[in-house]
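Report on the following structure.
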Amino acid sequence: MFQSGIPFHETGKFKSRRTFLPDDQYGVALDNLVKGCTDILLLNPDGTHIFTGKRCVQPQPDWWFMGGRMFPGETPIQSGQRLLKRELGLEIESERFNVVCAQAFAFGMREQEPKDHGTTDTQFCYKVQLKDEEEVKKVVVDEEEYCDSEWKLPSEILEGNFHPALKYAVGCMLAGEALEELQECEDKGGSDADIAKLSREFLKRRKAVDEVMKANDYRLESKELNYKTTVNTKY
């Protein structure tokens, strides 16, 4: 997604009346509603590696983003700040969130009963780059939800057996970085030759995002949950 941010429009005065739902009521809600989620591509201080967690619970018991469900009244960035603090103990200023893309999901399974009713989500994806090693040291996942975690190169994700949603987000992130370089060059009065070169690089990366959609051969296999499936991806 090549825009400055995700607008949040509050019409009138909204007051959240969110309450805790027992599992049976939450299951009914999942059967009837599409959840909004904020997910984050968390980068190391050099911006070279992405932090991924291997989930051991439904949905998506495999390598995935950091993040989760939005609360009523939160902006996507406020949601991301809360989730990063809850999951990883990170306190991230709002200006450090950079929009990457938006996606929609339908999962055939979920953690709540009846598990095979599945769940549907919409995702706002951002990237956040950590500032220093002190922040990196705080990045530890919940062992009840994740069985592993790794810092991965973008190329490793794009070329490996990873969910197309993760690949799509990484591709959008790389294209967005090329667009940022193009904008910076134009702002500094760069030459036409430099702008043309950077424009071609942006278009190259943008087209590569569509190739992710066409070349989906991902297979999910969770030994922990004895679960296998594939993903149907489309615009």
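Bear in mind the structure is a predicted one, so any value in this text is a computation, not a measurement.
- Residue pairs meeting the ring pair (Phe, Tyr, Trp, His ring centres under 6.0 Å) criterion with at least one partner in residues 169-218, sequence neighbours excluded, are Phe2-Phe202, His163-Tyr218.
- Considering only residues two or more places apart in sequence or on other chains, Phe107 meets the ring-ring contact (aromatic ring centres under 6.0 Å, His included) condition with Phe105.
- Atoms NZ and CD, from Lys115 and Glu111 in turn, are 4.0 Å apart once rounded to the nearest 0.5 Å.
- No continuous path of hydrophobic side-chain contacts links Leu83 to Tyr126 [ILVMFWY only; heavy atoms under 4.5 Å].
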Candidate pair Trp151 and Thr48, rule side-chain contact (heavy atoms from CB on, under 4.5 Å), full reasoning: CA-CA 9 Å; Trp151 291 93; Thr48 57; over 6 Å; no
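- Judged as a side-chain contact (heavy atoms from CB on, under 4.5 Å), and not counting sequence neighbours, Glu143 has no contacts.
- Separating the CD atom in Glu186 from the CG atom in Asp194 is a distance of 12.5 Å, to the nearest 0.5 Å.
- Asp210 is linked by a salt bridge (Lys or Arg N to Asp or Glu O under 4.0 Å) to Arg206, counting only residues two or more places apart in sequence or in another chain.
- Note on Glu135 versus Lys138: no salt bridge recorded, every NZ/NE/NH1/NH2 to OD/OE distance being 4.0 Å or above.
- By the rule that hydrophobic residues join a cluster once side-chain heavy atoms approach within less than 4.5 Å of another member, Phe20 and Phe71 end up as members of separate clusters.
- Asp116 is linked by a side-chain contact (heavy atoms from CB on, under 4.5 Å) to Met109, Pro114, counting only residues two or more places apart in sequence or in another chain.
- With salt bridges taken as basic N to acidic carboxylate O contacts below 4.0 Å, none links Asp39 and Arg69.
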Candidate pair Lys127 and Glu177, rule salt bridge (Lys or Arg N to Asp or Glu O under 4.0 Å), full reasoning: CA-CA 11 Å; Lys127 72 172 182 177; Glu177 290 174 354; 3.3 Å; yes
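- Under a hydrophobic clustering in which Ile, Leu, Val, Met, Phe, Trp and Tyr are joined whenever their side-chain heavy atoms come within less than 4.5 Å, directly or via other members, Val139 and Met66 fall into the same cluster.
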Residues Gln103, Cys101; criterion side-chain contact (heavy atoms from CB on, under 4.5 Å); working and verdict: CA-CA 7 Å; Gln103 303 186 72; Cys101 65; 3.8 Å; yes
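- Listed by chain and number, the residues in a side-chain contact (heavy atoms from CB on, under 4.5 Å) with Lys204 are Glu201 (sequence neighbours excluded).
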